[in-house]
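Heads up: the structure comes next, in structure tokens.
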Amino acid sequence: MSNTQAPVRRQSGRLRRGLASLGWALAGVLLVVVMWELVKVIGSLVTLPLDTGDQAMPHVWTMLQGAMQPEVRGSDTTVLQAVVSATLRSLLVAMGGFAIGVAIGLLLAVIMQRFWFFERGLLPFVIASQTVPLIALAPLIVGIGNRISIGPVQWNTTYSVMFIASYLAFFPLSVGALRGLQAPTATHIELMRSYAATPGQTLRKLRFPASVPYLVPAMKVSAAAAVVGTVVAEISTGVRGGIGRLVIEYAREMTASPAKVYVAVFGAIAVGLLAAALVAALDMALTRNLPKEHSA
Amino acid sequence: MTTTVTSPAVKAEGVWKIFNEGQPNEVTALQDLNLEVGYGEFVALIGPSGCGKSTLLRVIADLTHATRGTMQVAGLTAAQAREQQKYGMAFQQAALFDWRTVRRNVELPLELQGVGKSDRAARAMELLEMVQLADFAGHRPWELSGGMQQRVAIARSLAVDPPLLLMDEPFGALDEMTRERMQNELLRIRKETGKSIVFVTHSIPEAVYLSDRVVVMSPRPGRITDIIEVSLGDRNEDTREDERFFEAVTAVREALRGNHGGGSAIRSRIGEV
Amino acid sequence: MTTTVTSPAVKAEGVWKIFNEGQPNEVTALQDLNLEVGYGEFVALIGPSGCGKSTLLRVIADLTHATRGTMQVAGLTAAQAREQQKYGMAFQQAALFDWRTVRRNVELPLELQGVGKSDRAARAMELLEMVQLADFAGHRPWELSGGMQQRVAIARSLAVDPPLLLMDEPFGALDEMTRERMQNELLRIRKETGKSIVFVTHSIPEAVYLSDRVVVMSPRPGRITDIIEVSLGDRNEDTREDERFFEAVTAVREALRGNHGGGSAIRSRIGEV
Amino acid sequence: MGQRLRLIWPPVVVAAVFLALWQGIVVVNDIKPYLLPAPSLIFTSLFDNVSGVFDATVYTATTAFLGLMIGIVIGTLIALLASRFIVVNKLATPLAAGLAAVPIIALTPILNNMFDITSRTPRVLVTIIIVFFPIFVNVTRGLTQIQPAHLELMRSLNASAGKVARLVRIPNALPFFLTGMKVAAPLSVIAALVAEYFGGPQQGLGARIASSAANTAYGRAWAYVTAAIVVGLLFYLAVLLLERLVTPWTGRARSA
Amino acid sequence: GGGSSSTESSAAPASSAAAPASSAAASAPAAECTDPTPVNLQLQWFAQAQFAGYYAAKDKGFYKDQCLDVTILEGGVDIVPQTQLAQGNADFAIAWVPKALASREQGANIVNVAQVYQKSGTLQVAWADSGIKTPADFKGKKVGNWGFGNEFEVFAAITQAGLDPANDVTLVQQQFDMKGLLSKEIDAAEAMTYNEYAQLLEAKNPDTGKLYTPEDFTVISYEDQGVGMLQDAIWASEERLSDPAYQDLTQRFVTASLKGWIYCRDNAAECADIVTANGSKLGKSHQLWMMNEVNKLIWPSPAGVGVMDPDKWAQTVEISMGTKNLEGATVLTAQPADGSYTTQYAEAADQSLEAEGLNVTGDAFAPITVTLNEGGN
Ligand SMILES: Nc1ncnc2c1ncn2[C@@H]1O[C@H](COP(=O)(O)OP(=O)(O)OP(=O)(O)O)[C@@H](O)[C@H]1O
Ligand SMILES: Nc1ncnc2c1ncn2[C@@H]1O[C@H](COP(=O)(O)OP(=O)(O)OP(=O)(O)O)[C@@H](O)[C@H]1O
Ligand SMILES: [Mg+2]
Ligand SMILES: [Mg+2]
């Protein structure tokens with residue numbers, strides 16, 4: 001009896017937890033809305049170090065109105081629709097970049113963990129890579145990328161965007177994964193050594209599972225970085241259809257209709273939230289087997 | 001199994017182990033240690049807490065390097081012996097993986113050897129049966145009591161079948177009954193397979209009951225101060241009541257007490273053995 | 001110390017502890033357990049591995065809640081007693097903090113009580129002296145052997161001076177000599193301070209040597225099957241040779257063996273006590 | 001001494017190989033500077049303009065440093081609050097994730113509009129936001145991922161939540177915190193730099209890189225990029241030093 | 001304001017009177033085009049009326065008439081069109097002259113084959129009540145500029161006015177919106193006639209609730225100040241120009257493109273709609289404004305549309321070499337080599353377009369009047 005019931009209960013529990021965190025996320029958004037309007041009210045009473053005028057900080061309802069307006073006069077897509085479709089497209093690209101970034105980051109971490117030479121020798125370059133501004137790289141990547149064609153698959157700029165996203169995503173992951181791979185206790189490592197386990201086996205059976213607590217936050221940061229990378233690269237390369245392009249196109253209308261650009265930025269935030277939700281789901285799957293914090 | 005019967009299972013010559021050498025927190029764990037464990041022999045290591053027993057096992061197992069001296073295992077260097085999996089080890093801490101179930105913890109060494117899935121599971125269940133934990137095969141390590149974890153670790157160390165077993169206080173957290181059962185299981189396994197065993201324990205009766213020789217170590221810096229031969233023949237229910245059993249127990253106890261006092265009187269005894 | 005002498009140190013009534021209740025991996029660790037530990041009494045808990053001894057200590061310490069039943073400590077609820085620090089606990093695992101030196105690990109409970117820096121250090125060194133680890137005060141936990149870590153944990157549990165001590169196999173990883181020393185230290189402390197002590201052990205002689213009563217538990221689901229009174233008066237060098245000592249040891253052993261066989265014959269014995 | 005050498009020579013070797021390859025590829029394939037400048041060109045540009053590069057570096061490094069410090073403080077504080085109060089945790093986690101995913105490029109124009117564009121403020125704010133997330137996420141994990149035995153011990157000692165935080169959670173979170181720092185330190189530099197693209201005072205590295213790149217003076221642009229890399233590495237090195245100082249216990253697993 | 005300064009140089013004789021035979025052949029519409037040549041055109045920004053001529057040429061079939069299949073590649077913040085061209089990712093590129101020349105100096109082998117914009121569209125806008133009327137009034141003020149290499153006209157004007165850019169003014173980089181000026185954080189902001197200036201006029205004055213009007217601002221035109229630099233031009237690959245096939249392609253492309261610009265001169269409203277239909281997100285009135293202002297920068301073209309004005313070229317090169325920015329750097333370090341531009345393709349194109357009966361100089365061009373709505377809608 002209990003055998004058949006238990007999984008059902010656990011599943012519904014998971015659903016409930018998922019819904020609850022959704023509720024909390026909404027509450028968080030509500031909190032921000034309230035604070036936003038509060039700052040505006042305070043700003044109208046006393047001088048703040050920031051501009052709380054309707055130009056710099058439009059009212060939330062102005063933004064909502066802006067979202068419902070047609071994108072360009074006469075067109076039948078609203079700003080909201082444009083933002084939603086751009087959001088989904090960017091999310092897809094970002095997740096592609098995230099996947100590539102995770103793969104590269106893990107590989108680097110493994111190499112660095114395994115060979116001290118590479119930890120010392122490679123790590124500075126991994127860090128250096130992150131301080132190279134995209135302005136110096138984007139033309140290079142697009143330029144080189146456009147020459148690549150693998151069989152019938154012709155490179156297009158979207159792949160360059162994905163590549164740039166992964167370029168930002170791999171870094172937090174490799175740092176976190178490296179720390180995680182070094183996390184197992186001395187006894188656990190000795191155990192594997194006593195089995196004459198190959199480095200690969202030690203990696204798979206011990207270091208990877210033990211690195212999960214470090215891997216998960218690293219993935220969260222990476223996913224966010226992938227989203228940032230996607231949007232930045234969309235702007236940088238001017239590729240159409242994504243939220244980045246929308247942000248910059250709307251930003252030019254900031255002077256006249258500031259609400260529009262905020263809607264686009266919220267689209268970008270939505271990409272981030274969706275990415276974070278995906279990683280959170282992954283987290284639940286990965287840490288399902290670990291002891292939860294004691295709650296007596 | 002390729003080892004010839006003539007080379008000793010373990011041979012330590014002039015082994016030193018100094019931690020943090022040259023630093024203010026330097027600790028000499030092993031000092032000029034010489035020891036030979038014959039092929040098929042059961043040797044118990046006994047000595048005060050912190051005297052270097054675990055360290056000695058770790059040097060044999062090539063988990064740490066001797067600062068000075070040489071260590072041979074089955075006629076090979078310690079490193080070769082480890083690589084060729086000439087030994088199995090049970091650690092003082094259970095060192096189970098939280099992310100694996102009890103059964104899959106026991107399967108680990110088999111997995112590393114590439115044993116197939118169903119064979120692994122069968123062997124693991126057999127071993128869990130032996131340590132009386134079959135009911136807990138699907139549980140996670142942190143759901144077990146201390147003694148249960150230790151039994152899982154023992155099962156794991158027996159999963160593969162190496163010619164030499166290194167066991168660090170494996171029965172320390174077990175109650176007397178379970179402990180006696182495990183002791184007999186170990187002796188049975190040894191008899192059936194002819195393994196050599198180096199066994200660390202704090203229990204003098206256990207050392208005497210199990211082993212052919214009891215090696216007594218002194219407190220830091222760890223040295224061998226006494227080696228007591230035990231000749232009780234095949235162990236059985238009555239062994240623990242045997243006269244010779246009590247004699248050996250007393251001998252070991254005295255060797256240990258002498259140790260605590262320290263001094264040269266003990267040193268000379270090594271010659272006797 | 002505000003407790004009146006009349007209320008028992010520990011009083012368990014109909015305590016159940018069921019892990020994962022309702023799930024397939026449900027485990028009943030304690031079943032309808034009743035126990036009273038008198039003020040100033042020394043009670044040893046003994047029973048097969050996994051029978052629920054640690055769980056019982058944890059329920060007393062309010063580290064986990066009884067599924068059913070009530071637990072009183074010093075006339076208070078378990079939670080109140082914990083909040084008022086009516087007990088000190090030594091865990092089965094040493095649970096030392098890697099980021100603190102040995103000495104500062106011992107200081108931890110004193111720090112929490114707001115004891116001044118130099119007083120703390122002095123007290124910690126005194127305790128380390130007692131467990132013979134003064135030399136290692138500045139070391140990190142992972143540089144210690146298993147037994148040494150356990151001794152640090154014991155020192156820590158004695159750092160403050162609570163009326164009730166809960167000790168979970170504290171001497172399990174110690175060699176016989178050190179163990180006897182620690183036993184005598186514990187008895188000395190108890191005599192000087194009049195503490196009540198609940199002490200888990202797997203060693204029958206240890207249980208008998210230390211305690212006023214030995215509580216014998218059955219394997220899962222954990223129940224109390226026997227309580228053996230020990231009246232040896234003041235312990236000294238000769239106690240272990242005492243006739244009554246051996247009698248008590250045999251009684252406990254038989255109670256335990258009976259357990260393993262299980263059955264109603266044992267149940268009836270509770271009435272005798 | 002030998003230890004220190006072991007620390008230094010691998011990156012030097014890798015750098016030498018990398019630069020030699022780069023130079024070689026540029027020379028052999030006759031790649032023109034409008035595409036990719038050779039290291040030699042970058043270095044001559046750097047030396048021709050040392051004081052200019054230095055001033056720009058100081059400006060941007062200051063922004064990055066301010067943002068990094070404030071971001072660390074805020075990230076840690078909110079993580080602490082989140083580990084203490086479940087409400088904060090539930091509210092802050094999705095918000096932080098959202099904030100982190102806001103691309104700096106999208107954020108900067110808005111902040112530039114809200115705050116005085118002619119001041120450093122909007123740039124520091126951008127940096128803070130970028131730094132905040134890795135710190136927050138890692139510290140949160142470190143504060144909650146505690147051995148059950150340790151928590152039981154503290155509970156048995158009736159330690160208050162504050163004491164548990166101070167004596168167990170924070171030390172336990174230190175390695176996680178440092179991992180976050182390792183990510184945040186280089187990111188602070190890039191954030192401070194990118195924030196300059198959108199306007200404001202023009203003496204920093206970002207503005208210089210943008211201006212040089214727009215005029216295809218890639219040698220000069222990469223000279224500034226080199227300076228940015230150096231700052232990022234210095235920040236990282238500082239974190240490594242800090243790690244050795246505050247978590248001496250973490251290296252032990254490797255000693256076997 | 002119309003560009004009167006360029007009329008004197010319009011008398012310059014055409015550099016090559018005889019068009020190559022191949023171009024003459026190509027200029028005749030290829031009726032039997034079965035396999036149009038694929039062509040990539042790289043823009044410097046997103047689709048907007050600034051590039052209306054090319055979108056019109058595509059939409060109206062002018063490219064098809066020349067047997068071309070043109071793909072218009074939009075730009076991005078970090079896309080450098082001349083680099084894309086030099087790397088072979090595009091066949092032609094639209095770029096401002098100074099930036100393209102800088103790339104040329106760094107090894108990008110590109111040639112200006114048609115100078116479409118005859119005038120600079122860069123303005124400096126200040127509040128009418130700020131007292132700023134000429135560059136000399138910038139002294140002690142916060143002067144906005146875009147950086148990204150778009151600042152040299154500002155520097156040239158400041159220098160020309162006898163001020164030291166490093167000490168006498170505070171230079172601030174502005175964003176691509178005009179909020180800095182509107183909120184008075186910046187005293188004088190850089191603006192393109194066709195874009196940012198319109199943004200100002202599309203914004204509502206919070207005090208009156210009405211849109212700002214030209215009377216609210218003072219406008220300084222760099223073209224009028226004599227420091228204008230040449231802007232949008234069509235660039236081709238120098239290496240490939242030695243190949244007759246590419247010469248022919250260039251000729252066909254330039255001809256069709258210029259025809260597009262002529263079309264937009266005469267059909268501004270339709271062209272604005274074409275651009276919008278091609279995915280521009282600019283508001284309708286803003287798009288039309290841009291179209292109209294761009295027309296003002298192109299027309300009249302006294303020597304024919306797309307033909308380089310050598311004086312303007314010389315002025316652009318002079319400023320590029322002589323004006324230092326904050327770092328002390330100039331756009332160019334040396335005089336660009338001969339052959340950096342050629343008028344042969346534009347002239348040949350104009351000839352054949354004239355033969356079609358089109359007016360290639362726009363001497364009678366009259367701008368339309370555009371009313372900007374709030375937000376450019
Ligand atoms: N990693 C290390 N760093 C420094 N010192 C160490 C380390 N490991 C062990 N030691 C020291 O070496 C000595 C011997 O330790 P070892 O673990 O071998 O003792 P043991 O005989 O196994 O003791 P026990 O019976 O308590 O387990 C101890 O004094 C210990 O402090
Ligand atoms: N967190 C937990 N989740 C599920 N089951 C648990 C948990 N903790 C303990 N148990 C179960 O409760 C039972 C009693 O455990 P406990 O630790 O009290 O045993 P013990 O008597 O202390 O044994 P030992 O002598 O081996 O330490 C065991 O069967 C164990 O599997
Ligand atoms: Mg040991
Ligand atoms: Mg226990």
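What you see is a predicted model; the values in this text were computed from it and never measured. So that the names make sense, note that chain A is the first sequence line, chain B the second, and so on, each numbered from 1.
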*asked:* If I measure from the heavy atoms of chain C, does B:Q92 come under 4.5 Å with its side chain, its backbone, both, or neither?
replied: side chain
*With only heavy atoms counted, which part of B:N20 is less than 4.5 Å from chain C, the side chain, the backbone, both or neither?*
side chain
*Over 12 foreign heavy atoms within 6.0 Å of CD, C:E243*: no
For [X], which atoms come within 4.5 Å of any heavy atom of chain B: side chain, backbone, both, or neither?
{"X": "C:S145", "answer": "side chain"}
{"X": "C:E143", "answer": "side chain"}
{"X": "C:R179", "answer": "neither"}
{"X": "C:E169", "answer": "side chain"}

*asked:* Pair B:L256, C:D175 - check side chain to side chain contact (heavy atoms under 4.5 Å, CB included), show working.
replied: CA-CA 10 Å; B:L256 275 166; C:D175 61 290; 5.7 Å; no
_Can you give me the closest heavy-atom contact between C:D98 and C:W142, atom names plus distance?_
O-CZ3, 3.5 Å
*Looking at B:G172, B:C51, B:G146, which one has more heavy-atom pairs under 4.5 Å with chain C than the rest?*
B:G146
*asked:* Can you tell me which of B:S203, B:G147, B:P24 forms the most heavy-atom pairs within a distance under 4.5 Å of chain C?
replied: B:G147
*Can you find a heavy atom in the side chain of C:F91 that is under 4.5 Å from one in the side chain of C:S157?*
no
*Pick out which of B:T225, B:L30, B:L35 makes a side-chain contact (heavy atoms from CB on, under 4.5 Å) with B:M217.*
B:L30
_Residue among C:Q93, C:M148, C:R151, C:E176 with most heavy-atom pairs under 4.5 Å to chain B_ = C:E176
*Pair B:D242-B:Y209, side-chain donor/acceptor within less than 3.5 Å*: no
*side chain to side chain contact (heavy atoms under 4.5 Å, CB included) assessment of B:L165 paired with B:L186*: CA-CA 10 Å; B:L165 274 180; B:L186 185 60; 4.2 Å; yes
